[in-house]
Amino acid sequence: MLDLKWVVANLEEAKERLSARGGGAAQALAPIEQLAQERRQLIQESESRRAEQKKASEQMRSLKGEEQAKLRAHLKSLSDEVKEKEARLKEVEERIEAALLGVPNLPHSSVPKGAGPEQNQVVREWGSKPRIAQPREHTEIGEKLGLLDFERAAKVSGARFVFYRGALARLELALVQFFLDSARERGYLDLLPPYLVNADSMRGTGQLPKFEEDLFKTTAGHYLIPTAEVPVTNYHRDEILEHLPIKYCAFSPCFRSEAGSYGKDTKGLIRQHQFHKVELVRFEKPEDAQAALEQLVLDAQAPLQKLGLHHRVTVLCTGDLGFSAEKTYDLEVWLPGQGAFREISSCSTFGDFQARRAQIRHRPAPGEKLRLVATLNGSGLAVGRTVVAILENGQQADGSVVLPEAIRPYLGGLERLEPVREL
RNA sequence: GGAGAGGUGGCCGAGAGGCUGAAGGCGCUGGUUUGCUAAACCAGUAUACGGCCCAAAGCUGUAUCGAGGGUUCGAAUCCCUCCCUCUCCGCCA
């Protein structure tokens, strides 16, 4: 959420910076100026009335009989007036809040302007493409080896679900441990979060109120988390943090309804309703946020490099930026089967956008005023997509898959994936 | 799920219609004293939103005792709804 005071004082700048996102982001601001004015006036009126009322009602104690009855009648009308104004004020503030909650974050000045994904810019590349004669996609590789079962998953759960079998099931969990180890080495504290959260948490990180249709909701009113970012960022909701920075790594399953992505990546592991991810979350001083984002990208790249997977870093342009993000780098891993780079991590800084919604603050020094912190997060990494990359990059002519050396110790020394032996 | 007890400042804990932003204590900050440390003593110690001010500082108004609503001239205090915590019972991995 943007700061109301700042928006009102810098309306033109706000509109201009939001319009870089395209899609009418700036229009959401339209009603705010007038509402802010109404709000100020109502505050002044109701507060001055209330001050008057407070003063007069102090005399009530010392008065008796008719005198008191007279004053009481006067105060009653004052009281009614205050109540009426406060009711109107509340309504105006609710409308401001509703409008503001629907406004996306301002892109950082260093974000390239652009209309959509085509205008994202490649920042750097790591490694090189493996030479594979006739690359196949992970679905084919996995199904042939008996390691992936989409058909039965469709029977049991529906589209966009999967069963992993045998060594691949183990690989998924091995990668989780491997990613957490990598993050821990880089100073992140392990957190294993709840997978169901309340609406306040979803509002804190920006999923609600605007993106409810992307979420799964339980009959009890909880939401299934679409990423560990939600519980981990909200871990410090309504808190005053004493020491910054704070760095957490958290494993969790992620649940996404994928509403509106019909027809996209319908096959395979790329886009599932449920997947696993290790998330890196940082709380930083505002002035450290940009440097921390650069650091975060390196933290996310580290396991990818240990696995020897060819990838590149891109910076998202203004038109492709997520709702809450101020700046985002994507990590895209090379998938020989698809002949394309695909997102495997997304690292963003949110400035104080989430911190304002979630009221996460810190005191720069004793005696100084509280400030909102900056929040950041990035995948480190998406586990399912890493499995895809390992399958496609490690595929051999005989159908087996050679595993990256770095992951072998997590699998009891297993070197390659071969057909599952039916028991 | 059933029965009961609770939620007050950074923390502990009083208060039970007006004099309470809230006693007392702890903590923290500054000062005095002091070979050092400690102790003692003194002072200060919230947040948000308005107004005055070019701005900061400062002054000033209002709100805030789990959340929301109600009663009342006036609510931390009375009533209603909800949330959360704890204890016991049931169920359960």
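Below, read A as the first sequence line, B as the second, and so on, with proteins coming before strands; counting in each chain starts at 1.
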Any pair with a residue in residues 162-208 of chain A that passes ring-ring contact (aromatic ring centres under 6.0 Å, His included), sequence neighbours left out, goes on the list, sorted by first then second residue, please.
A:Phe178-A:Tyr410
Does the ring-ring contact (aromatic ring centres under 6.0 Å, His included) test come out yes or no for A:His362 and A:Phe283, once each step is laid out?
CA-CA 10 Å; A:His362 86 289; A:Phe283 300 83; over 10 Å; no
Using the side-chain heavy atoms of A:Ile43, tell me which of these nucleotides is nearest: B:C73, B:G50, B:G69.
B:G50
Say we look at B:G74 and B:C84: how far apart would their C1' atoms be, to the nearest angstrom?
30 Å
How many Å lie between CG on A:Asn198 and C1' on B:A67, as a whole number?
13 Å
Assuming nearest nucleotide by heavy-atom distance, tell me which of A:Ala51 and A:Ser79 is located more 5' along RNA chain B.
A:Ala51
Closest to the A:Lys83 side chain, choosing from B:U72, B:C73, B:G51
B:U72
Whole angstrom is fine here: how far is it from CG in A:Leu4 over to P in B:G50?
7 Å
What is the nucleic acid contact for A:Ser57, judged by heavy atoms within less than 4.0 Å: base, sugar-phosphate only, or nothing?
base
Quick check for you: among B:C73, B:U62, B:G50, whose closest atom lies nearest to any side-chain atom of A:Gln44?
B:G50
Base, sugar-phosphate, or nothing: which does A:Lys85 touch, judged by heavy atoms less than 4.0 Å apart?
nothing
Quick one: do the A:Thr205 and A:Glu229 side chains pair a donor with an acceptor below 3.5 Å?
no
Base-paired stretches in RNA chain B with three or more consecutive Watson-Crick or G-U pairs, both distances under 3.5 Å, amount to B:1-7 with B:83-89, B:10-12 with B:24-26, B:27-32 with B:40-45, B:46-52 with B:58-64, B:66-70 with B:78-82
Between A:Asp330 and A:Ser346, do the side chains contain an N or O donor and an N or O acceptor separated by less than 3.5 Å?
yes
Using the P atom on both, measure B:C28 against B:U85 and round to a whole Å.
31 Å
Gap between atoms OH and P, on A:Tyr195 and B:A93 respectively (whole Å):
19 Å
Is there a side-chain polar atom (N or O) of A:Arg50 under 4.0 Å from OP1 or OP2 of B:A63?
yes
If we take the P atom in both B:C82 and B:G2, what is their distance in whole Å?
12 Å
Closest to the 5' end of RNA chain B, once A:Asp3 and A:Gln53 are matched to their nearest nucleotides, is A:Asp3
Of the listed B:G74, B:A48, B:U62, the closest approach to the A:Arg361 side chain comes from B:A48
Interatomic distance, A:Glu91 CD vs B:G68 P [rounded to whole Å]:
18 Å
Per atom distances to the A:Lys54 side chain, the nearest of B:U62, B:G74, B:C49 is B:U62
Is there a donor and acceptor pair closer than 3.5 Å between the side chain of A:Glu47 and the base of B:G61?
yes
Given B:G50, is OP1 or OP2 found less than 4.0 Å from the side-chain N or O atoms of A:Arg39?
yes
Taking the side chain from A:Arg282 and the backbone from A:Pro245, do they hold a donor-acceptor pair closer than 3.5 Å?
no
For residues 70-78 of chain A, which residues have at least one heavy atom under 4.0 Å from RNA chain B?
A:Arg72, A:Leu75, A:Lys76
Under 3.5 Å, is there a donor on one side chain and an acceptor on the other for A:Tyr248 and A:Glu279?
no
Would you measure the distance from the C1' atom in B:A76 across to the matching atom in B:A22 and give it in whole Å?
8 Å
Determine the interatomic distance between P on B:G13 and the same-named atom on B:G25; round to the nearest Å.
16 Å
Atom CZ of A:Arg237 and atom C1' of B:G66: how far apart are they, to the nearest Å?
14 Å
Would you say A:Glu294 has more than 12 foreign heavy atoms packed within less than 6.0 Å of its CD?
yes
Can you check the A:Lys90 NZ to B:A63 P distance for me, whole Å?
17 Å
Considering only the P atoms, how many Å lie between B:A23 and B:U8, rounded to the nearest integer?
16 Å
Verify whether the ring centers belonging to A:Phe353 and A:Phe323 lie closer than 6.0 Å.
yes
Looking only at atom C1', what distance separates B:G50 and B:A67, rounded to whole Å?
24 Å
Distance check needed: B:U62 P versus A:Glu81 CD, whole Å only.
16 Å
Closest of B:U47, B:C49, B:G51 to the A:Leu370 side chain is B:U47
A:Gln290 and A:Glu326 side chains, donor-acceptor separation under 3.5 Å
yes
Aromatic rings A:His138 and A:Phe150: how do their planes relate, parallel, tilted or perpendicular, breaks at 30° and 60°?
perpendicular
Can a donor-acceptor pair be found, under 3.5 Å and without considering hydrogens, that links the side chain of A:His311 to the backbone of A:Leu309?
yes
Whole-Å distance between B:C84 C1' and A:Asn234 CG?
17 Å
Pair A:Asn198, A:Ser201: side-chain N/O donor-acceptor within cut-off below 3.5 Å
yes
If you look at every strand shown and take non-hydrogen atoms under 4.0 Å, does A:Arg49 touch a base, only sugar-phosphate, or nothing?
nothing
B:A46 and B:G21, which share atom name C1', separated by this distance in whole Å
8 Å
